[in-house]
Amino acid sequence: MSEKTNLQDADGKVSRVIRVGTRKSQLARIQTDSVVEKLKELHPDVHFEVVAMSTTGDKILDTALSKIGEKSLFTKELENALEKNEVDLVVHSLKDLPTVLPEGFTIGSVLKRENPHDAVVLHPKHKGKFLESLAKKSVVGTSSLRRAAQLKKRFPHLEFKDIRGNLNTRLKKLDEKDDFSAIILAAAGLRRMGWENRISQILGPDDCMYAVGQGALAVEVRARDQDILEMVSVLNDSDTVLRCIAERAFLKHLEGGCSVPVAVYTEVKNSQLYLTGAVYSLDGSDSLKETMQTSISSDNQAEEQEKVDEKVQRVGITALKVSEAAQDAAVNKGAKEILTVARQLNDVR
């Protein structure tokens, strides 16, 4: 159990203090504040204190993520604070969390997903254009091998170059210099920042499938803190949880990471979960894509709360109040039934 911290106000009323860890970037703070607001509504007597810190990924801005070779670039410092009881829970972008978490931690909540697709942001002088209408050899900035691999094949007339930094920095590099005609960013981040007006084009799955977990926020907790796990579990969005479990199981099976272009597209329709997974060579010339389907309906829909034990984790997620049968179906679809395809995909790598 976590060490409980209490706060006494001027009237002598004592409130429990829950410390929430986050990265320091503006987007991370906006995302964390949105989660804290939801928790405040549910627990008005609890005082939530936000603790912001810089991570390795925030500090190394001159090197492509794929060349650093560290899977927990944006999470390690936050997890260290969680381990030392300096914070009680941490808000992450789910796509930053590896499929296997350090021992003792679990994802206690995956919130309703924002638009998971990638977006095109154009240099102001190209306003009104699309990727297909940009001139030959126009330079497009992206820090993602996944995006570059797919878009090189889809738009061979364009050139793709690495661009690092947080959203603010990348937009500044685009607008104030002539190095890039456009940059590719996650639509979710732009929307959360209130910059939806900068989106020129949303890239659908035929153009660019998204990263595992993209657009979803995750709350990481200590696996044994049953009270905190219960507190955050009500934030779980069932469809998002099931889609992300399938996506993470697919990625885990491929043992992909930042340096391997792996992309997914998932949807839930009529109690069916559809997962399209793909892997690409770096230049996009070779790829393999497979679409799978599984039923996530359960004959027994009683939402029994699971005993809090690390064994109930599914690819790092402990989703109380979400059907266990549906979660198992999502894991199986994301991993076990794709063995043959996975071997082919690994050959492509």
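Please read these numbers as outputs of a predicted model, since none were measured by experiment.
Of the candidates V140, L134, I183, L174, L122 forms a side chain to side chain contact (heavy atoms under 4.5 Å, CB included) with just one, namely L134.
Note: T240 OG1 to E247 CD = 9.5 Å, rounded to the nearest 0.5 Å. Residue R16 holds its CZ atom at 4.5 Å from CG of D227, rounded to the nearest 0.5 Å. Rounding to the nearest 0.5 angstrom, the gap separating the CD atom in Q313 from the CD1 atom in I245 is 10.5 Å. To the nearest 0.5 Å, the span separating CG on L203 from CZ on R147 amounts to 9.0 Å. Here the CZ-OG distance, from R29 to S34, works out to 12.0 Å after rounding to the nearest 0.5 Å. Going from atom CD1 of I184 over to atom CG of L151 covers 5.5 Å, rounded to the nearest 0.5 Å.
With hydrogens and angles ignored, the 3.5 Å screen pairs no side-chain donor or acceptor of S93 with any backbone N or O of K95. Put simply, the side chain of Q327 gets close to the backbone of V322: a donor and an acceptor are under 3.5 Å apart. Using a distance-only test at 3.5 Å, with no hydrogens or angles considered, a donor-acceptor pair links the side chain of Q201 to the main chain of L131. Put simply, the side chain of S109 gets close to the backbone of V232: a donor and an acceptor are under 3.5 Å apart. Although no hydrogens or angles enter the test, the distance criterion places a donor-acceptor pair under 3.5 Å between the side chain of H123 and the main chain of K177. Without hydrogens or angle criteria, R19 side chain to N85 main chain gives a donor-acceptor distance under 3.5 Å.
Minimum heavy-atom separation, L82 to L89: CD1-N, 3.8 Å. In plain terms, the two heavy atoms of V120 and A182 that are nearest each other are CG1-CB, 4.1 Å. The two atoms that bring N115 and H117 nearest to each other are OD1-N, 2.9 Å, heavy atoms only. The two residues E79 and P102 have their closest heavy-atom pair at OE1-CG, 3.3 Å. Here the shortest heavy-atom pairing between G165 and R170 reads O-NE, 2.7 Å. Closest heavy-atom contact between S143 and I163: CB-O, 3.1 Å.
Cluster membership for L158 and L185, using ILVMFWY side-chain heavy atoms within less than 4.5 angstrom, is not shared. Residues I202 and L171 share a single hydrophobic cluster, defined by chaining ILVMFWY side chains whose heavy atoms lie under 4.5 Å apart. Two different hydrophobic clusters hold L94 and V100 under the rule that ILVMFWY side chains link at heavy-atom gaps under 4.5 Å. At a threshold of 4.5 Å between side-chain heavy atoms, the hydrophobic network of Ile, Leu, Val, Met, Phe, Trp and Tyr places F155 and M209 in two separate groups. Under a hydrophobic clustering in which Ile, Leu, Val, Met, Phe, Trp and Tyr are joined whenever their side-chain heavy atoms come within less than 4.5 Å, directly or via other members, Y274 and V268 fall into different clusters.
You'll find the side chain of R198 reaches within 4.5 Å of the side chain of P124, heavy atoms only. Taking 4.5 Å as the limit, every side-chain heavy atom of M193 sits out of range of all side-chain heavy atoms of Q31. Looking at T106 and E220, their side chains never come closer than 4.5 Å, going by heavy atoms from C-beta outward. Taking the side chain as every heavy atom from C-beta outward, N166 and L27 never approach each other to under 4.5 Å. Counting heavy atoms from C-beta outward, V264 and Q214 have side chains that stay 4.5 Å or more apart. The shortest distance between side-chain heavy atoms of L39 and L235 falls below 4.5 Å. Counting heavy atoms from C-beta outward, I107 and R248 have side chains that approach closer than 4.5 Å. Two residues are said to be in side-chain contact when any heavy atoms from C-beta on lie closer than 4.5 Å; E83 and E103 fail this criterion.
For the pair K40 and F48, the cation does not sit on the ring face, since its NZ or CZ is not both under 6.0 Å from the ring centre and inside 45° of the axis.
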Trace of the salt bridge (charged side-chain N to carboxylate O under 4.0 Å, His left out) decision for R314 with D328: CA-CA 8 Å; R314 295 169 180 88; D328 287 336; 2.9 Å; yes
Could you walk me through whether D88 and R222 pass the salt bridge (charged side-chain N to carboxylate O under 4.0 Å, His left out) check? CA-CA 8 Å; D88 302 296; R222 290 178 289 267; 3.2 Å; yes
Determine whether T99 and H253 satisfy the following criterion, side-chain contact (heavy atoms from CB on, under 4.5 Å), listing intermediate values before the conclusion. CA-CA 10 Å; T99 55; H253 196 79; over 6 Å; no
Starting from the C-alpha separation in whole Å, work towards a yes-or-no answer on side-chain contact (heavy atoms from CB on, under 4.5 Å) for R113 and C244. CA-CA 10 Å; R113 198 175 209 167; C244 290; 4.1 Å; yes
Walk me through whether Y210 and T266 qualify under side-chain contact (heavy atoms from CB on, under 4.5 Å). CA-CA 9 Å; Y210 42 80; T266 52; 3.6 Å; yes
After noting the C-alpha distance and the side-chain angles of K289 and Y280, does the key distance pass the side-chain contact (heavy atoms from CB on, under 4.5 Å) rule? CA-CA 9 Å; K289 185 187 292 188; Y280 303 85; 4.3 Å; yes
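A donor and an acceptor atom, one from each side chain of S233 and N236, are nowhere located under 3.5 Å apart.
For the side-chain hydrogen bond (donor to acceptor under 3.5 Å, both in side chains) test, residues two or more places apart in sequence or in another chain that qualify with T291 are T276. Under the side-chain hydrogen bond (donor to acceptor under 3.5 Å, both in side chains) criterion, K125 pairs with D178, not counting sequence neighbours.
Summarising the local packing, NZ of K129 is surrounded by more than 12 heavy atoms from other residues, nucleotides or ligands at distances under 6.0 Å.
The pair K161-D179 does not count as a salt bridge, with every side-chain nitrogen at least 4.0 angstrom from each carboxylate oxygen. Remark: R191 engages E114 in a salt bridge, criterion side-chain N to carboxylate O under 4.0 Å.
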